[in-house]
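Side-chain atoms are counted along with the backbone in the values below, which use heavy atoms only and exclude waters and symmetry mates.
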Amino acid sequence: MAPRTVTREQLAGAARAALGGGRRLETVERLTGGSKKGVYRLTMDDATTAVAYLWEASENYWPTAEGDDDLTNPFAPGSGLDLFEAARARLDSLGLRVPELHLTDRDGMHHPAELAILEDFPGENLLDLLDRDPHAAEPTMARLADALAAMGSHRGPSFGKVGLIDAGGVSRGASGEEAALGFGLRCLAEAAARDGRIAGARDRLEERLLELAAAVRPRAEHSVVHGELGLDHVLVDRAGNPVLIDIEDLMYFDVEWEHVFLRLRHPDDHCRRFAAEGLDEDRLALYTLVQRLSLTAGPLRLLEGDFPHRAFMKAIAEHHGHEALALVPVVQTPSGRGVADGARACGHR
């Protein structure tokens, strides 16, 4: 569903309640990048700014699917004020810089949607700063490494979304790797239904997922992981501290999951410094294939709605689909030329 237009009048009362001091809301600007919630910069008549998050159906580009609201699944799409507040509280408890909360509204007092108004960080995100001036970004990168180390050293009571586990809930499944395997198989089915290359290699991809999962040794400890951490999901405050955003999917899970996503998101050397010691190679292998499939299936599903940045999302699906196929055994054609099953069936697009 395409987001509707949010007007100044609709957020004026919430902005006044959040920021007060006789200020009046001057402008409302939609910020780019969000696919599950609306993100707006509020500018008051004295140039004070804040950011509003709106969680409602009209702000969510994702076509609905069965199980989307099942928080006992660690990989269900995280959305909503409860998950945001729980994630923010956990990160704050670990000493990370988090946005100050000016106002929350889950009862429709100020707007007919779950709403949070929080501190604004109007400058560059860390990725843009790093690209523009690596030297200037270095202190923030070092502090981010410390923050990730603090997250990695914390032990959660079990695996799953922080918002679920910290409220006393329990995730489905016997282990995190079992949950990841189930997620990978679901992503494979979704991708195969939408992409002929993946459909042609589905059996081999499924076999490979099962092989990789069988090699993973049990683990009882789980750290705090962002889940989709890229440097574009890190803002920078005036003191140069990193500030994590898009935190609703914060989980207690394996540090290897975070490491794999960082490596896929930033295949250059930017994030090598963030790798934890003693990473489990078997988990890395399983999570790499699962995330390749997720980054194929997810964008293809998103493209069935009206997400505006279609070429960008299609390119993500194409790239990660190709990389997923490269992780399965090669078969030999009658000519002796080795190709992956999916490529043999459909060719690269």
Side-chain angles (χ1 to χ4, degrees), residues 1-4 6 33-39 52-91 104-109 111-116 156-191 193-194 222 224-229 233 244-253 257 261 290-291 293-307 313:
M1 179 183 296
R4 58 184 174 76
V6 174
S35 64
K36 290 184 286 189
K37 64 179 178 287
V39 183
Y53 287 171
L54 293 176
W55 292 275
E56 61 178 1
S58 67
E59 298 285 356
N60 191 342
Y61 283 106
W62 288 85
T64 58
E66 184 179 356
D68 277 356
D69 57 352
D70 180 10
L71 296 185
T72 66
N73 172 11
F75 303 104
S79 184
L81 180 55
D82 289 343
L83 288 178
F84 172 77
E85 286 194 294
R88 181 186 176 279
R90 174 52 59 206
L91 293 173
T104 60
D105 180 11
R106 55 174 47 81
D107 300 319
M109 180 178 297
H111 192 274
E114 289 191 336
L115 166 69
S158 61
F159 72 94
K161 291 187 182 299
V162 164
L164 173 75
I165 304 303
D166 282 359
V170 178
S171 296
R172 283 190 290 110
S175 65
E177 58 270 21
E178 179 184 288
L181 172 62
F183 179 54
L185 292 170
R186 289 191 297 275
C187 290
L188 173 57
E190 287 194 16
R194 296 175 172 93
H222 302 93
V224 177
V225 301
H226 180 280
E228 292 186 347
L229 182 61
H233 286 170
L244 302 189
I245 60 171
D246 289 340
I247 59 175
E248 292 94 316
D249 281 314
L250 197 75
M251 294 192 294
Y252 296 116
F253 209 72
W257 185 268
F261 192 90
V290 170
Q291 291 193 32
L293 292 169
S294 171
L295 290 166
T296 305
L300 292 175
R301 177 180 167 191
L302 191 57
L303 287 170
E304 292 186 346
D306 46 17
F307 187 74
M313 201 55 59

About how many Å separate CG of Leu181 and CZ of Arg186, when rounded to the nearest 0.5 Å? 9.5 Å

Okay, side chain of Glu178, backbone of Arg172: is any donor-acceptor separation there less than 3.5 Å? no

Passes side chain to side chain contact (heavy atoms under 4.5 Å, CB included), Arg90 versus Ile247? Steps please. CA-CA 10 Å; Arg90 174 52 59 206; Ile247 59 175; over 6 Å; no

Between Leu71 and Leu164, what is the shortest heavy-atom contact and its length? O-CD2, 3.3 Å

Spatial distance of atom OH (Tyr252) from atom CD1 (Ile165) [nearest 0.5 Å]: 8.0 Å

Can any side-chain N or O of Arg301 pair as donor or acceptor with the backbone N or O of Trp62 at less than 3.5 Å? no

Measure across Ala191 and Ala297 and return the closest heavy-atom pair with its distance rounded to 0.1 Å. N-CB, 3.9 Å

So which atom in Trp257 and which in Gln291 form the shortest heavy-atom distance, rounded to 0.1 Å? O-NE2, 3.0 Å

Output for pair (Asn60 CG, Leu54 CG), nearest 0.5 Å, gives 12.5 Å

Derivation of the side chain to side chain contact (heavy atoms under 4.5 Å, CB included) call for Val6 and Glu59: CA-CA 10 Å; Val6 174; Glu59 298 285 356; 3.7 Å; yes

Judged by atom type as modelled, is there a donor-acceptor pair below 3.5 Å linking the side chain of Ser171 to the main-chain atoms of Phe159? yes

Check step by step if side chain to side chain contact (heavy atoms under 4.5 Å, CB included) holds for Asn73 and Phe183. CA-CA 9 Å; Asn73 172 11; Phe183 179 54; 5.5 Å; no

Apply side chain to side chain contact (heavy atoms under 4.5 Å, CB included) to the pair Lys161 and Asp249, showing each step before the final yes or no. CA-CA 6 Å; Lys161 291 187 182 299; Asp249 281 314; 2.8 Å; yes

By the definition salt bridge (Lys or Arg N to Asp or Glu O under 4.0 Å), identify the one residue from Glu56, Glu114, Glu248 that meets it with Lys37. Glu248

Identify the heavy atoms of Gly78 and Leu83 that sit nearest to each other, and give their distance. CA-CD1, 3.7 Å

To the nearest 0.5 Å, what is the distance between CZ (Arg106) and CD (Glu85)? 4.5 Å

Considering all heavy atoms, the nearest His226-Ile245 contact: NE2-O, 2.8 Å

How close do Pro299 and Ser294 get, heavy atom to heavy atom, and via which atoms? CD-O, 3.8 Å

Can we say Lys36 and Asp246 salt-bridge, meaning some charged N sits less than 4.0 Å from an Asp/Glu carboxylate O? no

